[in-house]
Structures are given as structure tokens and as C-alpha cells.
K.L.:
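Here it is, the structure, as C-alpha cells.
Since we're looking at a predicted model, the values are computed, not measured. One-based numbering along the sequence shown.
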Amino acid sequence: MTSHSTASAADYARQSAVLTLAIFYPLSNALPNVLGYGRQVGDQSAAGPELLVPYELAFSIWGPIFLATLVAAVIQALPSRRTMAIHRRTGWWWAAAMALSCAWSIAESFSPLALRGWLTALIFTPYVIAICVAMRRFSLEARGRDLAERFCSAAVALYAGWTSLAVFINWDRIFTEELGLLTPTTNAIALLAAAAGWICWNLHRAKGNAFYAFPTIWGLGLLAYDRLATDDRSQLIAGAAIIGIALILIAHLGARRHHRAN
């Protein structure tokens with residue numbers, strides 16, 4: 001499954017960028033510990049007042065995502081994969097997403113509190129677009145390839161799935177704390193509807209990639225649990241999250257059925 005075209009300087013640069021950023025984007029979360037000041041990213045993500053913040057266990061998915069993307073980055077860095085079209089079409093998008101992840105972590109940890117909400121939301125949006133482009137291209141091209149390429153596709157899909165949901169938590173902070181145009185519950189339901197639409201659209205474009213669907217269902221399931229079983233109760237938000245899970249499952253199954261039919 002390798003290409004016989006000649007490797008260019010851009011191929012070497014792309015492989016190096018993906019591998020380097022796959023190492024550093026999880027480490028960027030630890031900068032406050034290294035430097036001795038700043039806000040802990042994990043504490044900020046799991047402890048916000050927003051109704052869309054799921055049960056804390058949800059954030060444990062970052063461990064498998066970090067590990068899977070690192071292994072995938074090592075795979076794409078192999079000399080035998082340097083000129084493969086699938087990596088040429090996905091690598092720079094994937095690298096851009098990880099670079100923006102580093103920028104997001106820095107903004108979350110060190111930006112002034114008055115600017116943090118807007119900065120993180122505005123950085124997270126192109127970040128998610130970039131990783132979803134990589135995910136869709138992997139999904140379309142990895143089928144029928146060897147196990148290594150399917151693993152790369154799965155790793156990027158897990159990353160894209162979780163961030164496709166997490167980006168709306170950032171915007172919930174803006175809508176609730178900065179703009180205050182609607183009630184917190186109305187803001188949260190509107191953002192859940194937008195998240196479900198974005199995720200279902202990506203599933204359609206990615207032919208029902210199960211590795212993309214899984215983290216979104218994981219996050220929404222733990223959001224529903226948190227709104228029903230903790231002090232911050234909201235049956236409306238829990239119900240909206242459950243409806244979102246149902247829509248994602250329908251979109252996943254529909255996209256796979258459509259792909260088989262064609």
C-alpha cells in the first residue's frame with residue numbers, strides 16, 4: 001500500500017510535524033506544573049459551572065486518545081509511509097489540530113480570566129474543524145488498507161469525536177458567562193442541538209465511522225448521568241443528551257447502511 005512517488009521536503013516536514021506535535025500536545029497541559037504558575041487545564045475543564053460539563057470520568061478518555069494518536073504518529077513517520085497519499089491528504093490537517101490544541105492549553109492556563117473564555121472558544125473552533133477534516137479523509141481512504149492505516153484512522157477519529165463534543169462546552173461558557181442572552185438551560189439545549197447536528201453531519205461524511213461516534217456517546221452518556229445523579233440536576237439537559245445519543249446512533253447506522261448500499 002505504499003506509493004512509489006519520490007519523497008519531497010514537504011513529506012519529511014509533515015512526518016516530523018505530526019510526530020513532534022503528537023508528543024507535545026498532551027504535554028502542553030502540564031505547563032503550569034513545569035513553570036510553577038498558571039491554571040490546571042484538567043481542573044478548569046471538569047470544574048466549570050456550565051450545564052454541559054459531564055461527569056468527571058468523561059475526561060479520562062483523553063488518556064487513550066493521547067496514547068492512540070502518539071502510536072499513530074509513529075506509524076505515519078515510518079519511511080515506508082512517507083509518500084502515501086492518505087498521509088499527504090491528512091497529515092497537515094492533523095498537525096494543525098494538535099498545534100491548535102497546544103495553543104488552546106496555553107490560553108486556558110495563562111490567559112487573563114477576562115479573555116480566557118473567548119480565546120479558548122475561538123481557538124477550539126478551527127482546532128475541531130481541522131481534526132474533523134483529517135478524520136473524514138482517513139475514514140474515506142483507510143478502508144481496505146492494512147491494519148496500521150486503519151489504526152491511524154481510528155486514533156484520529158477518537159480524537160475528532162471527543163473534541164467535536166468538547167468544543168460546545170467552551171461555547172457554553174461564552175453564552176452563559178459572557179453574553180448571558182438566554183437562560184443557562186436554554187443555552188445548553190441549543191448547544192447540544194448544534195453539537196448533535198455537527199456530529200451527525202460528520203458521521204454522514206465519514207461513512208458512519210464508529211470510532212468517531214463512540215466518544216460522543218461516551219460524553220453525552222456521562223453528561224446525562226451527571227445531570228440526573230449529582231447536585232447539579234437538570235432533567236431537561238439529561239433528556240436532551242439522551243436524545244442526542246439516539247440521533248448519533250441513528251446517523252451512524254444510517255451512514256453505514258448507505259455506504260454498504262453504494
K.L.:
Only one of Leu192, Leu165, Val53 clears side chain to side chain contact (heavy atoms under 4.5 Å, CB included) with Leu223; which?
P.N.:
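Of Leu192, Leu165, Val53, side chain to side chain contact (heavy atoms under 4.5 Å, CB included) with Leu223 is met by Leu192 alone.
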K.L.:
Ignoring hydrogens, what is the shortest heavy-atom contact between Arg39 and Pro32? Give both atom names and the distance.
P.N.:
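Nearest pair, atom of Arg39 first, then Pro32: O-CG, 3.2 Å.
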K.L.:
Got a donor-acceptor contact below 3.5 angstrom from the Thr163 side chain to the Ala160 backbone?
P.N.:
yes
K.L.:
Please enumerate all residues that pass side chain to side chain contact (heavy atoms under 4.5 Å, CB included) together with Ala255, with sequence neighbours excluded.
P.N.:
none
K.L.:
How many angstroms lie between atom CD1 of Ile199 and atom SG of Cys132, to the nearest 0.5 angstrom?
P.N.:
8.5 Å
K.L.:
Arg116 and Ala107: which non-hydrogen atoms are nearest, and at how many Å?
P.N.:
CG-O, 4.0 Å
K.L.:
Under a 4.0 Å N-O cut-off, is there an ion pair linking Lys207 with Glu141?
P.N.:
no
K.L.:
Count I, L, V, M, F, W, Y as connected when their side-chain heavy atoms are under 4.5 Å apart, and connections chain through other members. Are Tyr12 and Trp93 then in the same cluster?
P.N.:
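In one cluster: no.
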K.L.:
Determine whether Pro54 and Phe59 make a side-chain contact, defined as any pair of heavy atoms from C-beta on separated by less than 4.5 Å.
P.N.:
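Yes. Closest side-chain heavy atoms under 4.5 Å.
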K.L.:
Going by ring-ring contact (aromatic ring centres under 6.0 Å, His included), name the residues that satisfy it together with Phe110, two or more places apart in sequence or in a different chain.
P.N.:
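Phe110 satisfies ring-ring contact (aromatic ring centres under 6.0 Å, His included) with Tyr37 once adjacent residues are dropped.
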K.L.:
Checking side-chain polar atoms at under 3.5 Å, does Trp104 have a donor or acceptor matched by the opposite partner on Asn170?
P.N.:
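Yes - a donor-acceptor pair under 3.5 Å links their side chains.
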K.L.:
Quick one, Cys200 with His204, criterion side-chain contact (heavy atoms from CB on, under 4.5 Å). Give me CA distance, side-chain angles, the key distance, then yes/no.
P.N.:
CA-CA 6 Å; Cys200 290; His204 173 72; over 6 Å; no
K.L.:
Supply the atom-to-atom distance Leu220 CG to Ile237 CD1, rounded to the nearest 0.5 angstrom.
P.N.:
11.5 Å
K.L.:
Return the set of residues passing ring-ring contact (aromatic ring centres under 6.0 Å, His included) with Trp201 (not counting sequence neighbours), or none when no residue passes.
P.N.:
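So Trp201 forms a ring-ring contact (aromatic ring centres under 6.0 Å, His included) with Trp198.
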K.L.:
Does anything in residues 7-21 form a salt bridge (Lys or Arg N to Asp or Glu O under 4.0 Å)? List the pairs, not counting sequence neighbours.
P.N.:
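Those involving residues 7-21 are Asp11-Arg14, Asp11-Arg88.
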K.L.:
Could you walk me through whether Asn29 and Gln40 satisfy the side-chain hydrogen bond (donor to acceptor under 3.5 Å, both in side chains) test, starting with their C-alpha distance in whole Å, then the side-chain angles of each, then the deciding distance to 0.1 Å, before giving a yes or no?
P.N.:
CA-CA 7 Å; Asn29 294 336; Gln40 298 293 324; over 6 Å; no
K.L.:
Apply side-chain contact (heavy atoms from CB on, under 4.5 Å) to the pair Trp218 and Leu57, showing each step before the final yes or no.
P.N.:
CA-CA 10 Å; Trp218 165 266; Leu57 176 64; 4.1 Å; yes
K.L.:
On a heavy-atom basis, which atom in Ala155 and which in Ala68 lie closest, and how many Å separate them?
P.N.:
CB-O, 3.5 Å
K.L.:
Spell out, yes or no, whether Leu100 and Leu119 are grouped together once hydrophobic residues are joined by side-chain heavy atoms under 4.5 Å, including indirect joins.
P.N.:
no
K.L.:
Determine, stepwise, if the pair Phe168 / Phe175 fulfils side-chain contact (heavy atoms from CB on, under 4.5 Å).
P.N.:
CA-CA 10 Å; Phe168 292 92; Phe175 285 11; over 6 Å; no
K.L.:
With the 4.5 Å side-chain cut-off for hydrophobic clustering, are Leu21 and Ile106 part of the same group?
P.N.:
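Result: no, two separate clusters.
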K.L.:
Can I get a per-line list of side-chain donor-acceptor pairs under 3.5 Å for residues 121-128, giving both atom names and the distance, sequence neighbours left out?
P.N.:
residue: Thr125; atom: OG1; partner: Ala121; partner atom: O; Å: 3.0
residue: Thr125; atom: OG1; partner: Trp171; partner atom: NE1; Å: 3.0
residue: Tyr127; atom: OH; partner: Ser101; partner atom: OG; Å: 3.4
residue: Tyr127; atom: OH; partner: Tyr159; partner atom: OH; Å: 3.1

K.L.:
Would you say that Ser109 contacts Leu31 through its side chain, given a criterion of any heavy-atom pair below 4.5 Å between the two side chains?
P.N.:
no
K.L.:
Working to the nearest 0.5 Å, report the span between CG of Asn209 and CE of Met135.
P.N.:
6.5 Å
K.L.:
Check the pair Ser105, Tyr25 against side-chain hydrogen bond (donor to acceptor under 3.5 Å, both in side chains), reporting the backbone distance first and the verdict last.
P.N.:
CA-CA 8 Å; Ser105 295; Tyr25 91 95; over 6 Å; no
K.L.:
Could you go through residues 70-78 and list every donor-acceptor pair under 3.5 Å that involves a side-chain atom there, pairing it with any protein atom two or more places apart or in another chain?
P.N.:
residue: Gln76; atom: NE2; partner: Gln15; partner atom: O; Å: 3.1
residue: Gln76; atom: NE2; partner: Ala73; partner atom: O; Å: 2.9

K.L.:
Which distance, rounded to the nearest 0.5 Å, do you find between the CG of Leu182 and the CG of Asn187?
P.N.:
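CG of Asn187 is found 5.0 Å from CG of Leu182.
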K.L.:
Side-chain contact test, heavy atoms from C-beta onward, threshold under 4.5 Å: evaluate it for Cys152 versus Ile86 and give yes or no.
P.N.:
no
K.L.:
Taking a hydrophobic cluster as the set of Ile, Leu, Val, Met, Phe, Trp and Tyr residues connected by side-chain heavy atoms closer than 4.5 Å, whether directly or through intermediates, do Leu52 and Leu236 fall within one such cluster?
P.N.:
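Same hydrophobic cluster.
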K.L.:
Can you check salt bridge (charged side-chain N to carboxylate O under 4.0 Å, His left out) on Arg81 and Asp146, steps first, answer last?
P.N.:
CA-CA 12 Å; Arg81 300 178 188 276; Asp146 62 24; 3.2 Å; yes
K.L.:
Under a single-linkage definition using a 4.5 Å side-chain heavy-atom cutoff for Ile, Leu, Val, Met, Phe, Trp and Tyr, are Leu247 and Trp162 assigned to the same hydrophobic cluster?
P.N.:
no
K.L.:
Output the distance between atom CG (Leu27) and atom CZ (Phe24), rounded to the nearest 0.5 Å.
P.N.:
6.5 Å
K.L.:
Does a side chain donor of either Ser164 or Tyr212 reach within less than 3.5 Å of an acceptor in the other side chain?
P.N.:
yes
K.L.:
Can you see which heavy atom on Gly117 is nearest to which on Ile174, and at what distance?
P.N.:
C-CD1, 3.2 Å
K.L.:
Is the side chain of Thr69 donor-acceptor paired with the backbone N or O of Phe66 at a distance under 3.5 Å, no angle test?
P.N.:
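Here the side-chain-to-backbone pair exists.
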K.L.:
At what distance, to the nearest 0.5 angstrom, does CD1 of Ile169 lie from OG1 of Thr120?
P.N.:
11.5 Å
K.L.:
So which heavy atom on Gly91 is nearest to which on Val18, and how close?
P.N.:
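Looking at all heavy atoms of both residues, the shortest contact is O-CG2, 3.4 Å.
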K.L.:
Begin with the C-alpha distance, continue with both residues' side-chain angles, and end with the deciding distance and a verdict on side-chain contact (heavy atoms from CB on, under 4.5 Å) for Phe138 and His87.
P.N.:
CA-CA 8 Å; Phe138 260 121; His87 293 299; 4.0 Å; yes
K.L.:
Tell me, with the steps shown, if Glu149 and Arg137 meet salt bridge (charged side-chain N to carboxylate O under 4.0 Å, His left out).
P.N.:
CA-CA 12 Å; Glu149 297 312 313; Arg137 292 185 176 190; over 6 Å; no
